[in-house]
Number of protein chains: 4
Amino acid sequence: MPSDVALERRRQILDAAVRVFSRQGFHSTRVSDIADEADVAYGLVYHYFPSKDQVLDELFTERWSLLLTAIEEADRSELEPREKLGAVAGFIIESYRYDPDLMKVIIVEVTRAANSFGRTHLDQIDAAFRLIEKIITEGQASGAFTPAVDPYFASMSFYGVIEQLLTGWIFGLLPTGEAEFESAGDRVVAMVCDGLDSD
Amino acid sequence: MPSDVALERRRQILDAAVRVFSRQGFHSTRVSDIADEADVAYGLVYHYFPSKDQVLDELFTERWSLLLTAIEEADRSELEPREKLGAVAGFIIESYRYDPDLMKVIIVEVTRAANSFGRTHLDQIDAAFRLIEKIITEGQASGAFTPAVDPYFASMSFYGVIEQLLTGWIFGLLPTGEAEFESAGDRVVAMVCDGLDSD
Amino acid sequence: MPSDVALERRRQILDAAVRVFSRQGFHSTRVSDIADEADVAYGLVYHYFPSKDQVLDELFTERWSLLLTAIEEADRSELEPREKLGAVAGFIIESYRYDPDLMKVIIVEVTRAANSFGRTHLDQIDAAFRLIEKIITEGQASGAFTPAVDPYFASMSFYGVIEQLLTGWIFGLLPTGEAEFESAGDRVVAMVCDGLDSD
Amino acid sequence: MPSDVALERRRQILDAAVRVFSRQGFHSTRVSDIADEADVAYGLVYHYFPSKDQVLDELFTERWSLLLTAIEEADRSELEPREKLGAVAGFIIESYRYDPDLMKVIIVEVTRAANSFGRTHLDQIDAAFRLIEKIITEGQASGAFTPAVDPYFASMSFYGVIEQLLTGWIFGLLPTGEAEFESAGDRVVAMVCDGLDSD
DNA sequence: GATGAATGAGATTTCATTCAT
DNA sequence: TATGAATGAAATCTCATTCAT
């Protein structure tokens with residue numbers, strides 16, 4: 001039963017880790033950087049986490065489980081299929097708006113890291129794709145979505161568009177700002193649902 | 001004027017690097033691993049490349065410039081806009097089919113590596129997005145594509161779908177095989193151009 | 001004037017330390033291991049002992065002073081010289097029978113540790129050799145023992161045989177059991193006093 | 001096929017390790033101490049040895065295998081049983097005379113280290129006891145030695161006396177010098193074979 | 001060109017000890 | 001007395017890079 005102050009310290013370290021991982025990347029971050037950023041002693045990081053890897057693992061899992069919950073909720077809602085996708089996109093975009101550093105870390109260090117963290121968390125990552133797939137399958141059943149596309153492929157495409165959007169923001173290739181964040185969800189949904197072709 | 005045998009050695013080392021980078025990831029790969037895989041002496045790697053980073057840089061640049069050329073060629077062709085996108089997607093998919101290790105390395109180690117190689121090569125990466133954007137802009141001008149979407153955003157979405165497709169293959173989430181490679185380009189184009197919505 | 005409960009706690013910690021030192025060796029034992037084994041809080045070890053070294057120091061001194069007393073008593077007794085040596089050997093063997101972990105710690109961590117605890121406690125160690133030497137010298141004076149051997153050398157030899165016996169038990173090279181413990185003292189004395197040669 | 005210079009470097013490091021292990025003890029020796037003493041760069045130690053432990057392992061095994069060979073040779077010789085024991089004692093004593101640091105390291109860090117190196121090398125250690133046992137058994141068969149003592153116990157006793165002698169030298173409790181080294185073997189044999197009792 | 005030994009800066013991790021409560 | 005969080009000084013080991021041959 002960890003005390004409140006202990007939980008606070010963990011949070012302090014996790015938050016600091018997000019900032020330095022985001023700034024320097026996981027591999028260029030030394031544990032001492034995390035400790036310095038958190039303004040705690042070196043060893044305290046190891047008091048709370050067994051390893052540097054575990055810090056990232058926890059950051060990822062914490063946030064990703066929220067994402068899974070959000071997709072499940074969208075799926076269970078009374079929304080139209082297209083709106084469900086909008087809710088999912090909106091959640092991810094809001095996550096970025098709220099804590100861009102954390103989302104940057106997740107996208108840069110985990111979801112494509114096929115030889116390290118991505119492999120470790122593959123089940124969790126795929127769980128999101130499966131949940132989105134479910135929304136699409138239901139949309140196809142209801143006639144909202146075309147049956148012509150494989151729903152799992154469509155799920156990955158949808159996620160790919162969102163991740164590329166965030167990547168654009170991270171790299172500074174796409175503009176950020178209130179207006180952008182507001183409209184981004186709709187643009188993603190329009191892109192994926194309406195497609196490029198005219199008419 | 002490097003001799004033929006020298007060029008062969010360079011190639012030998014680059015090809016070996018692709019294999020080990022793909023297998024272990026860039027950070028887990030030691031220079032000695034590259035040398036061992038290439039069956040050359042340790043120091044020879046440094047005879048041909050100034051650093052381990054440069055090996056990856058060269059692998060990326062070599063392949064990415066082919067991609068840029070391919071997109072330019074597609075753009076200059078007489079194809080319909082939608083077919084031009086199909087040509088681009090097809091080129092990337094063929095690249096993966098031909099040398100999955102190399103494409104894995106590029107996607108895993110470069111295009112999202114916002115704090116290292118992705119940042120270094122951002123201009124080259126963005127150049128691809130700009131070329132694709134051009135195709136889309138022209139498609140909008142000709143009436144083939146809807147003017148409702150921002151062409152640069154559409155370009156990134158298009159690329160995001162392809163990269164996610166390859167990521168699915170890399171992680172083993174999507175099936176690979178002749179049939180899949182054959183149809184993949186069309187599926188990407190259909191996804192991006194027709195969208196999910198029925199009719 | 002430490003309270004009874006305080007003395008109990010000290011004992012609890014010392015006894016736990018014996019078990020973990022014996023099991024893992026002094027260097028592989030963390031202070032937290034001692035605390036865990038003793039079922040007390042981490043910091044309490046430092047409440048009772050100034051350092052981890054001091055715990056071992058105290059374990060050694062406590063037991064070794066009993067040994068010194070035992071040898072002195074044997075010397076002061078009315079026994080024959082050979083029987084005095086038997087009493088000394090018997091005491092050490094009984095010590096092992098009674099608390100093999102403690103004797104293991106003493107032999108493994110102290111009496112040969114020429115660069116650490118053995119050096120620190122050299123006076124106490126040598127005091128034992130001197131007392132045994134005294135018994136032998138008296139035996140030589142009384143004609144029981146041959147004057148041909150240097151009594152200090154003989155003392156060390158006698159102790160060396162006993163320590164090797166215990167080492168054999170510790171390593172599992174020599175069998176342990178009631179019968180072995182019962183006969184061991186006589187066998188040591190026979191070895192040292194009668195020698196190997198026949199007749 | 002390591003080159004001559006490579007073998008020389010290994011030797012240089014091993015010899016330096018003997019000196020620092022002997023001076024400070026294994027646990028108080030940092031790898032940098034070995035490197036400094038050998039006058040080589042830090043990393044070179046790891047170029048030749050996978051770990052600090054392996055350095056000690058090699059030192060022990062190298063010397064101990066010589067001891068095993070020496071005991072085997074003594075056993076195979078035409079000497080009387082008592083003289084065979086003298087040859088064994090003499091070899092160990094000469095080993096100490098020739099390289100006291102190495103023998104100190106072996107006795108202090110290995111042969112009693114029941115939780116670390118002693119356990120690891122138990123088979124090699126016991127092999128020595130078994131070979132000595134064989135000499136004693138043969139002595140009993142020939143009538144030279146009394147059948148009253150268990151030969152394995154006698155073997156350990158014999159070794160215990162020698163190791164205690166060396167321990168005495170190491171601790172400075174027993175005088176060293178040419179005369180002592182010369183006579184030591186005979187004294188050990190006299191002690192073990194003739195015993196303490198007069199006639 | 002080719003070799004692989006040599007270098008040493010740093011990274012992670014451990015853990016004895018201190019200290020605030 | 002008792003607790004366990006906090007500290008930070010090492011220690012081991014890695015490995016990119018250099019260099020002598």
Side-chain angles (χ1 to χ4, degrees), chain A residues 2-3 5-10 13 27-36 38-55, chain B residues 2-3 5-6 8-10 13 27-36 40-55, chain C residues 2-3 5-6 8-10 27-36 40-55, chain D residues 2-3 5-10 13 27-35 38-55:
Chain A
S3 71
V5 60
L7 285 174
E8 249 175 62
R9 282 273 180 283
R10 273 185 75 84
I13 291 167
H27 280 102
S28 302
T29 297
R30 289 160 295 165
V31 173
S32 69
D33 294 333
I34 302 175
D36 288 352
D39 209 34
V40 299
Y42 195 95
L44 201 61
V45 176
Y46 283 95
H47 190 78
Y48 286 105
F49 300 92
S51 72
K52 191 178 113 176
D53 281 28
Q54 268 297 321
V55 177
Chain B
S3 72
V5 59
E8 246 177 66
R9 283 273 180 283
R10 273 185 76 82
I13 291 167
H27 280 100
S28 301
T29 297
R30 286 161 297 173
V31 174
S32 69
D33 292 334
I34 302 175
D36 289 351
V40 300
Y42 191 94
L44 202 61
V45 176
Y46 281 91
H47 202 78
Y48 287 105
F49 301 91
S51 71
K52 186 179 129 181
D53 281 27
Q54 268 297 319
V55 177
Chain C
S3 72
V5 59
E8 246 176 65
R9 283 273 178 285
R10 275 184 75 84
H27 279 101
S28 301
T29 297
R30 286 160 297 172
V31 174
S32 69
D33 292 334
I34 301 175
D36 288 351
V40 300
Y42 191 93
L44 203 61
V45 175
Y46 281 92
H47 203 78
Y48 287 105
F49 300 92
S51 72
K52 188 179 126 181
D53 281 28
Q54 268 297 320
V55 176
Chain D
S3 71
V5 59
L7 286 174
E8 248 175 64
R9 281 274 180 284
R10 275 185 75 85
I13 291 167
H27 279 102
S28 302
T29 296
R30 287 161 297 164
V31 173
S32 70
D33 293 333
I34 301 175
D39 210 33
V40 299
Y42 193 94
L44 202 61
V45 176
Y46 283 94
H47 190 78
Y48 286 106
F49 301 92
S51 71
K52 191 178 114 177
D53 281 27
Q54 269 296 320
V55 177

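Sequence lines set the chain letters: A, B, ... in the order given, protein chains first and strands last, and positions in each chain run from 1.
D/Gln54 places its CD atom 14 Å from the C1' atom of F/dC13, with the value rounded to the nearest Å. In this structure, CG of B/Leu44 is placed 5 Å from P of E/dA2, rounded to the nearest angstrom. Distance CD (C/Glu8) to P (F/dA2): 10 Å, rounded to an integer number of Å. Rounded to whole angstrom, the span from the CZ atom of A/Phe49 across to the C1' atom of F/dA5 amounts to 14 Å.
B/Arg9 has no side-chain polar atom (N or O) that falls below the 4.0 Å cut-off from OP1 or OP2 of E/dG1.
Contact record, A/Ser28 with A/Asp33: O-OD2, 3.9 Å, taken as the closest heavy-atom pair. Here the closest heavy-atom approach between residue A/Arg9 and residue A/Val40 is recorded as CD-CG1, 4.4 Å.
Residues passing the salt bridge (Lys or Arg N to Asp or Glu O under 4.0 Å) test with D/Arg10, sequence neighbours excluded: D/Glu58. In terms of the side-chain contact (heavy atoms from CB on, under 4.5 Å) criterion, residue partners of C/Tyr42 (sequence neighbours excluded) are, by chain and number, C/Val31, C/Ser32. The side-chain contact (heavy atoms from CB on, under 4.5 Å) test applied to C/Ser51 returns C/Asp53, C/Gln54, not counting sequence neighbours. The side-chain hydrogen bond (donor to acceptor under 3.5 Å, both in side chains) check on D/His27 picks up C/His27, with sequence neighbours excluded.
A/Tyr48 comes within 4.0 angstrom of sugar-phosphate atoms only, judged by non-hydrogen atoms across all strands, and of no base.
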Summarise how protein sits on nucleotides 16-21 of chain E as a single string, 5' to 3': B when a protein heavy atom is under 4.0 Å from the base, S for sugar-phosphate-only contact, - for no contact.
BBB---
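When distances are taken from the side chain of D/His47 to each of E/dG8, F/dG4, E/dA5, the shortest belongs to E/dA5.
Consecutive Watson-Crick or G-U pairs involving DNA chain E, each under 3.5 Å on both distances, make up stems of three or more pairs at E:2-21 with F:2-21.
Across the interface with DNA chain E, nearest-nucleotide mapping of B/Ala41 and D/Val45 shows B/Ala41 to be the residue nearer the 5′ end.
Rounding to the nearest 0.5 Å places CG of D/Leu44 at 4.5 Å from CD1 of D/Ile13.
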